Every structure is written in C-alpha cells, then in structure tokens.
Amino acid sequence: MAGQTLYDKVFQDHIVHKDESGSYLLYIDRHLVHEVTSPQAFEGLKNANRNVRRRDCTLATVDHNIPTESRKNFKSIETFIQQQDSKLQVQTLAENVKDFNVPFFGMTDDRQGIVHIIGPEQGFTLPGTTVVCGDSHTSTHGAFGALAFGIGTSEVEHVLATQTIIQAKSKNMRIFIDGDLSPGITSKDLVLHVIGVIGTAGGTGCVMEFQGLAIQNLSMEARMSICNMAIEAGARAGMIRPDQTTYDYVKGRPLAPAAGAEWEKAVAYWNTLYSDDDAVFDYDITIKASDIIPTITWGTSPQDALPITGSVPDPALVEDPIKKSGMERALKYMGLVPNTKFQEIPIDKVFIGSCTNARIEDLRAAAKVVKGHTKAANVKRCLVVPGSGLVKKQAEKEGLDKIFTNAGFEWREAGCSMCLGMNPDILDPEERCASTSNRNFEGRQGALSRTHLMSPAMAAAAGIKGYFTDIRDFEYNESAESIQISYEEEDKALQDAVYDHEKKPLAEGETESELEEDEVKDIPPTDHTVKQTSTAEGSAPVSSNAVNTITAVTAPLDRANVDTDAIIPKQFLKTIKRTGLKNGLFYESRFTKGPDGKDVATDFVLNVAPYDKAEILLVTGDNFGCGSSREHAPWALKDFGIKSIIAPSFGDIFYNNSFKNFLLPIRLPQEVILEKLYPIATKGEQLTIDLPNQQIRGPSGEVLVEHFDVEPFRKHCLVNGLDDIGLTLQKEEFIIKYETMRKDKFSFIEQGSRNIVPVRGAKKSKFGLKTQEW
Ligand SMILES: CC(C)[C@H](C(=O)O)[C@@H](O)C(=O)O
Ligand code: SF4
C-alpha cells in the first residue's frame with residue numbers, strides 16, 4: 001500500500017463514520033465563529049430546539065463589521081456601531097453566545113480580533129486538528145498541519161449541533177518550492193507567485209500541501225500567510241507539516257496542551273504528521289524559489305499576479321477569447337493602460353491588515369520600512385489595522401504604533417477593516433490601494449475600488465513613495481533607531497492574557513468532568529426524524545425543497561472566475577436572515593446608479609426577458625463561485641429563482657453550499673456547454689435537467705447530455721429534500737464512540753476553549769480595557 005500524505009493522515013484520524021455511498025462524517029476539533037456567517041445557524045438551532053454540542057470546541061469573536069476607530073470611549077455596541085445592520089449582526093452574535101454559553105471575545109476583550117488570527121494566537125489551533133469556520137480563509141490554520149477549511153452557514157449549524165461535518169475526500173496536491181527564497185522575498189510574494197502560476201482554479205477539489213526548504217525556513221506567521229491564500233488558488237485547504245518551528249510557536253499559548261506529559265504526548269503524535277516518502281499526490285507542482293521576486297497583482301483576481309519589475313499586461317497579445325475579454329474587462333475596471341510599468345503607477349491609499357498580513361511580524365516588517373519616513377503627499381490615507389487586540393498591544397510595546405503615526409499612517413483597532421469594508425473603512429470609487437489583504441475582486445474594498453495585493457513591506461513602501469515600489473530598491477532609514485523586537489514579551493503577554501479573565505465557577509459539587517458529561521447530555525434525545533418545519537426565514541431546509549426535474553429557460557453567462565463577492569456583494573451580508581437577497585444578486589453588474597442615486601437596471605442577462613425568469617444559469621467560464629464562503633451566494637440565486645447552475649468548474653465551498661440549499665450545481669466540460677447547451681440558452685429556449693436520471697435534455701426532449709455526475713449522497717438529499725443535521729444525529733452512537741476514543745488518544749486537545757469562560761460582570765483588564773460584559 002502506498003504511503004499516506006499529511007492530509008490523508010489527519011483526515012483518517014477524524015473519521016466518525018463512512019457511508020456506503022463513500023461520504024464521510026468527520027469529527028471537528030475546533031470551530032471558530034464570527035458574526036457574519038453565524039446568525040442564521042444559531043437561529044436554525046433555536047428553531048429546531050437543538051443545542052451546541054461542544055462549547056469547548058467552539059470559540060467566537062466579532063471581526064468583520066466592527067469599526068476600527070479607537071475604543072477608548074466604548075460604552076456599548078448600541079452606541080459604538082453606527083451602521084445599523086452591522087450593529088444588528090454584532091449584537092446578534094453577542095446574544096447567541098450568551099444563549100448558548102459559547103466562549104466569546106467581544107469588543108471589550110483585548111483578545112478580540114480577526115478569527116484566523118486569534119485561533120493560533122491563543123493556541124486554540126493545534127497541529128493535526130480539524131478546524132472549521134464559516135469563512136473561506138480558515139485555510140490559514142493549515143500552517144500548523146491542521147486540516148482547516150471554510151464552510152457555509154448551513155455547515156456552521158451542522159457543526160454546532162453535531163460537532164461533525166459531512167465530507168468527501170479531496171485530492172492531494174503538492175506544491176514543492178525548490179530551494180530557498182532570495183533575501184527580501186516574503187511568504188506573500190511566494191503565495192502570490194504560486195497563484196499566478198497555477199491560477200485561482202488550480203487547486204480546485206484538492207488539499208494543497210506546501211513543501212520544500214523555503215517553507216521549512218519560514219516562521220509560523222509567514223506560513224500562515226501562505227495557507228491563508230491557498231483558498232485563492234481554489235484549494236479546499238492548505239497544509240504544512242508541523243515541525244520544531246510549529247511546536248515552539250504553540251508551546252505555552254493559553255489554550256495549548258499543558259507542559260509535561262500532555263505536551264510530550266501531543267508532540268509524539270504531531271511528529272507522525274508528515275507525508276510519507278512514498279505517498280502519492282494526484283498533482284505535483286514544483287516551483288523554483290529563485291524565480292520568486294516581489295510580486296503584486298494588477299487585475300481583479302489574485303491570479304493576476306506579476307513581478308513588480310514588470311508592466312501591465314497587454315490583452316492584444318492574448319489569443320484565447322475568454323481570457324482576452326476577461327483581461328480587457330479587468331484593465332478597464334482597474335483604470336490601467338497596457339504596458340505601463342508597475343513602478344510608475346501612483347496610489348491613493350494603503351491598507352496594512354487582514355488575516356493574511358496583520359500579525360506582529362507583518363507590522364514589524366511594515367514599520368521597518370516606514371521608520372524615519374513620511375507618507376507621500378499624493379497618498380490620502382494609510383491604514384494600519386492589527387489583526388487582534390493582543391497584536392496591537394504587542395506592537396505598542398515595541399513602539400511600532402509611534403513609527404506609523406509619526407509617518408502619517410493611521411493606527412487602528414483590530415478587525416477585518418478595509419479587507420472587505422463591511423465596516424466604514426472603504427475606498428472611494430476608483431481609488432487605488434496598495435493592500436496586504438488577499439482579494440482584489442471588483443468592489444471588494446468599496447464600490448469601484450481598485451485593489452493591488454502585495455506584502456506588508458511593499459505596501460508600506462508604496463505609502464512612502466506614492467507609487468508601487470520594488471522593496472529591494474527601497475532605502476531604509478538606517479539612521480533611525482532600530483525597532484525593539486521582543487519575542488519573549490510577546491509570549492508573556494499572550495500567556496498572561498487568559499488569566500485576566502475569570503473562570504466560570506463550578507456549581508457546588510460539580511467537577512470539570514461532570515461539565516463534559518453535561519455536554520453529551522445536552523444533545524437532543526431520540527427525536528432525530530427530519531424536521532418538517534415551515535420555510536420560514538432561518539429555518540432548516542425542508543423536504544418541500546426537493547429537486548427532481550427542472551424544465552426552464554436558461555440564462556447564459558459568458559464569464560470566468562465569477563467570485564462570490566460578485567454574486568452577492570458584502571453590503572448584503574449584513575442580514576441575519578436567509579431570505580430577501582434577490583436584489584443583491586450580481587448587484588454590481590445588474591444595477592448602476594441613476595442621477596437621483598437610485599438603482600437603474602443594466603442590460604445584464606438576468607435583467608432581460610426571457611432570462612429574468614430563468615431557473616437555470618449556464619456559465620461558460622471556469623471557476624464559478626470562487627472566493628468567500630458566504631452562503632448568501634446560493635441564497636441570493638435561490639431567491640431570484642435559479643434552481644441549477646451549469647459550469648465547467650465551481651469553487652469548492654460554493655459547490656457545497658449550493659447542495660445545502662437545494663440548488664443543483666452541475667459540472668460539465670466547457671466544450672459540451674458551448675456546443676450543446678449554449679445555443680439553446682441563447683435562443684431563450686428551455687432545457688430540462690433530469691436529476692433522477694442525471695441527464696440534460698433539449699426543448700424537444702432530445703438528450704443533450706447523456707450523464708452528469710453528482711455524488712450519490714448529495715443526490716439522495718436533494719431528491720428527498722433531506723435535512724442533513726437530522727441525518728447526522730441518527731449516527732450519534734458513532735459520534736459518542738469517536739468522542740470516547742478522542743478523550744483518551746487525543747487527550748491533549750480536550751481542553752479546547754474551556755479556559756475561556758464567559759465573564760459575568762465587567763472587570764478591568766490589565767490592558768485597561770473592560771472584559772466582556774454579559
Ligand atoms: C464574510 C465571509 C463569509 C467571507 C469569507 O468567507 O471569506 C469574508 O471573510 C471574506 O473574506 O470575503
Ligand atoms: S479575508 Fe478579510 S474579511 Fe475575510 S476573514 Fe480575512 S480579514 Fe476578514
């Protein structure tokens with residue numbers, strides 16, 4: 001038997017049950033929760049009278065919606081957050097964690113921060129664990145050798161209720177970086193380069209393992225930036241084998257295994273987590289480290305990445321018509337002229353932040369560049385947004401905040417901020433931003449905003465120079481004092497932080513292990529039949545949603561890499577319901593602003609008869625639904641009336657989310673789409689999708705597609721309109737069996753978020769902020 005990959009091993013160790021159909025039930029060790037993708041999940045639990053199965057495996061925080069201005073005068077969410085819909089989402093999470101007693105870092109807790117920063121920071125993220133979150137950048141945690149991936153809201157509900165997830169096995173892909181990085185080249189350059197080479201659909205259907213000397217030599221924080229962006233390469237997850245660097249980072253974190261026997265046991269297990277020499281990878285890609293130089297993006301997809309020494313590409317040199325028109329569209333949007341040298345392009349704003357690059361090392365790298373300089377006159381604003389309250393504290397201890405503010409940069413509070421601008425931090429239309437975030441999609445940082453992705457040092461240099469700059473040519477201000485870097489202090493701060501928060505007192509006579517037992521008892525007893533709830537907002541899917549045969553007008557969409565930000569832009573994510581998203585569907589394409597500021601419909605295909613009544617969407621380009629995990633994308637499509645989407649390929653999370661919402665995604669080769677289906681769609685005629693027979697027929701009943709693939713379990717759920725939480729709870733005996741084994745074999749991860757307990761009554765923390773009030 002061939003050896004196993006790192007992914008195979010971690011996957012294997014989490015199997016609770018395998019169905020005859022080949023789908024797996026995997027145990028989830030760590031569940032991170034944020035305010036955008038959880039309201040409907042908690043509502044679903046409430047409607048179905050279900051509980052959170054493992055509060056100790058769950059950790060919640062607020063990050064996307066919160067303003068990043070100083071919280072010195074913070075009194076309440078009510079008065080602090082001005083945007084009503086943002087406020088509602090943040091308040092809803094605060095209420096839900098209270099109702100379900102879930103560990104939570106709220107706005108007055110100095111441990112609050114971007115969900116992918118706080119997990120590792122607290123030692124909640126551990127090697128060999130399964131980590132999920134209703135957020136695509138959960139891939140970040142794979143840097144620890146965890147199997148970490150983004151999920152949609154229905155799956156958030158599933159994990160909360162069952163602590164498991166239904167999964168098919170992904171393929172294995174290796175990205176081997178040959179050699180070491182040249183001086184001054186960062187992990188951000190590396191990952192942008194990789195995405196530039198393999199494309200945003202390159203990793204679709206795969207778990208991607210990064211290997212090679214360059215990876216081994218990187219710090220944990222740099223590794224996190226790489227795995228963070230594995231999702232931008234389309235991968236289900238990114239992974240790096242754990243090693244001494246990993247252990248050194250994890251050891252002593254508040255939620256890491258305790259020093260001594262448990263730590264030793266953990267390390268002994270973690271040392272087994274690597275790809276065997278004879279492991280078989282389905283795809284194997286080698287990239288020469290010496291080819292990687294400072295890299296930036298020029299277009300509206302992370303794959304539009306090129307060396308800073310280059311120029312804006314010229315569509316005239318591209319032959320493939322779909323690629324050519326995509327490039328023309330991107331350049332028009334970005335306001336760029338082909339062949340302009342990158343280093344001659346001026347910028348308007350700088351954003352240093354996001355779950356890719358807002359850790360302490362990122363801020364140190366940016367501060368090193370900024371030190372002793374002043375923001376260029378043509379640059380309007382430079383925002384520096386630490387990834388967490390603790391990163392902020394640490395940076396302040398090192399004086400980094402002063403370096404930034406002395407240079408005219410703004411020093412903010414922790415959050416996602418301008419990475420996607422769900423809070424007030426956005427670009428104005430047509431402003432150009434040097435950004436350390438991970439997505440440069442149209443409208444991502446504000447309507448008509450223009451985002452260029454790059455490393456923290458490069459973004460900082462652009463802020464100083466006013467133009468994109470090759471960091472290798474940048475003149476550091478050597479005369480300025482060197483930056484104080486104190487790793488020991490950082491570790492100390494992180495360790496102390498947890499003790500600032502009171503432990504929940506045990507009831508009289510209650511012991512820790514009794515608490516655990518209670519959690520098992522919390523599971524609803526035996527009524528595991530599929531709940532026939534109404535289709536009311538927020539309720540679990542019901543059998544009236546069953547999909548069989550769809551005969552309908554089919555709207556053709558000639559685009560590739562349609563990201564979920566384009567399907568449903570961020571302003572529509574602030575809802576706490578699953579319904580009412582119809583008008584947000586393809587909003588930026590379907591509407592433009594009239595002179596009175598009102599929406600005016602464009603000639604986008606779904607606005608034009610007969611396609612305004614289409615129930616099938618036929619996409620000619622690759623990679624539909626890539627990017628974010630927002631389940632709002634299938635919700636909006638369903639709300640519009642779309643029941644099935646046919647495309648050459650789909651983003652993994654979107655594909656999954658669609659099934660959960662009884663929206664049927666069908667993968668077909670591009671030539672079949674173009675030759676057989678497209679001519680019918682463009683005539684406005686009807687196609688018939690026959691799910692039971694897995695066939696597609698034309699208007700006169702002629703068979704156009706003899707067979708399309710759909711996994712048996714998914715088909716079963718669709719045809720019967722089944723709620724898979726109910727189905728999973730029928731397997732509870734297997735979950736309990738797994739948990740019993742886990743307690744023993746993996747005792748070192750049992751602590752979970754147990755040390756983080758809700759604080760009743762506010763108390764001053766040593767950082768001068770109040771801890772969360774309940
Ligand atoms: C809001 C959330 C669903 C989304 C994601 O999944 O990535 C966000 O974090 C993003 O970066 O677009
Ligand atoms: S990508 Fe941006 S918006 Fe998404 S979690 Fe990371 S920082 Fe937040």
Side-chain angles (χ1 to χ4, degrees), residues 32-41 61-66 68 85-86 89-90 93 112-120 132-141 148-156 188 191 224-225 227-232 234 236 302 351-359 362 383 385-388 391 412 414-423 425-426 433 435-446 451 453 563-576 581 625-636 651-654 656-657:
L32 290 153
V33 173
H34 67 60
E35 79 277 14
V36 182
T37 49
S38 64
Q40 299 85 350
T61 194
V62 280
D63 50 8
H64 285 70
N65 279 278
I66 52 175
T68 57
D85 38 12
S86 289
Q89 243 178 20
V90 172
L93 181 58
Q112 170 270 334
I114 305 173
V115 76
H116 310 306
I117 299 219
I118 63 160
V132 295
C133 174
D135 197 286
S136 54
H137 291 101
T138 310
S139 57
T140 311
H141 311 261
F149 50 89
I151 57 178
T153 298
S154 298
E155 288 175 313
V156 170
K188 184 66 165 286
V191 72
M224 282 188 247
S225 305
C227 290
N228 173 277
M229 289 196 70
I231 181 70
E232 309 313 333
R236 183 98 188 100
F351 171 61
I352 297 172
S354 89
C355 57
T356 321
N357 282 126
R359 298 181 180 82
D362 300 314
L383 262 70
V385 186
S388 72
V391 170
R412 316 283 295 188
C416 293
S417 178
M418 206 193 265
C419 173
L420 95 166
M422 278 185 79
N423 75 348
D425 303 341
I426 52 168
C433 182
S435 178
T436 66
S437 54
N438 45 43
R439 288 185 174 145
N440 49 352
F441 301 153
E442 287 184 20
R444 172 84 178 172
Q445 296 189 296
T451 305
L453 308 176
D563 55 73
T564 50
D565 282 56
I567 300 173
I568 185 86
K570 55 171 174 269
Q571 59 270 37
F572 299 97
L573 306 188
K574 298 190 184 189
T575 173
I576 57 167
L581 288 165
C626 55
S628 140
S629 69
R630 55 192 76 175
E631 199 162 316
H632 311 67
W635 294 338
D652 277 348
I653 311 180
F654 174 83
N656 231 0
N657 284 342

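Predicted model, so just to flag it, every value in this text is computed and none were measured. Whatever order the structure lists ligands and atoms in, that order sets their numbers, starting from 1.
Looking only at side-chain heavy atoms (C-beta outward), Q89 and I576 come within less than 4.5 Å of each other. No side-chain heavy atom of V132 sits less than 4.5 Å from a side-chain heavy atom of E155. Side-chain contact between R439 and S136 is present, with heavy atoms from C-beta onward closer than 4.5 Å. The shortest distance between side-chain heavy atoms of T138 and F149 does not fall below 4.5 Å. Residues F654 and S628 form no side-chain contact, since every pair of their non-hydrogen atoms from C-beta on lies 4.5 Å or further apart. Using a 4.5 Å cut-off on side-chain heavy atoms (C-beta onward), N656 and R236 make contact. Side-chain atoms of I352 and N357, non-hydrogen and from C-beta on, never get closer than 4.5 Å to each other.
Regarding atom 8 (Fe) of ligand 2, its nearest protein heavy-atom neighbour is C416 SG, 2.4 Å. If you check which protein heavy atom lies closest to atom 2 (C) of ligand 1, you get D135 OD2, 3.5 Å. Of the protein's non-hydrogen atoms, the one nearest atom 7 (S) of ligand 2 is C355 N, 3.3 Å. For atom 8 (C) of ligand 1, the nearest non-hydrogen atom of the protein is H64 NE2, 3.4 Å. Counting only heavy atoms of the protein, atom 4 (C) of ligand 1 lies nearest to S628 OG, 3.4 Å.
Heavy-atom distances between R439 and ligand 1 reach below 4.0 Å in at least one pair. Residue contacts with ligand 2 do not include R630, since none of its heavy atoms lies under 4.0 Å from the ligand. Using a 4.0 Å cutoff on heavy atoms, L420 counts as a contact of ligand 2.
Of all the heavy atoms of N438, the ones lying under 4.0 Å from any atom of ligand 2 belong exclusively to the side chain. With a 4.0 Å heavy-atom cut-off, ligand 2 is reached by no atom of K570. With a heavy-atom cut-off of 4.0 Å, H64 touches ligand 2 through its side chain alone. Using a 4.0 Å cut-off between heavy atoms, V115 makes no contact with ligand 2 at all.
In the vicinity of D135, heavy-atom distances shorter than 4.0 Å reach the ligand 2 atoms 5 (S). Close contacts between ligand 1 and S136 involve ligand atoms 5 (C), 6 (O), 7 (O) [criterion: under 4.0 Å to a heavy atom]. Within the listing of ligand 1, atoms 10 (C), 11 (O), 12 (O) sit less than 4.0 angstrom from a heavy atom of R444. Taking a cut-off of under 4.0 Å to the non-hydrogen atoms of T37, the atoms of ligand 1 that pass are 3 (C).
For H34 and D135, the side-chain atoms include at least one donor-acceptor pair closer than 3.5 Å. A donor atom on one side chain and an acceptor atom on the other are not found under 3.5 Å apart for S435 and R444.
Contact annotation: C419 places an N, O or S atom under 2.8 Å from atom 2 (Fe) of ligand 2.
Taking the charged nitrogens against the carboxylate oxygens, D362 and K188 have no contact shorter than 4.0 Å, which rules out a salt bridge.
Between H34 and ligand 1, not a single N/O pair is under 3.5 Å apart.
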Under the side-chain contact (heavy atoms from CB on, under 4.5 Å) criterion, do V33 and L93 qualify, and how do the steps go?
CA-CA 9 Å; V33 173; L93 181 58; 4.1 Å; yes
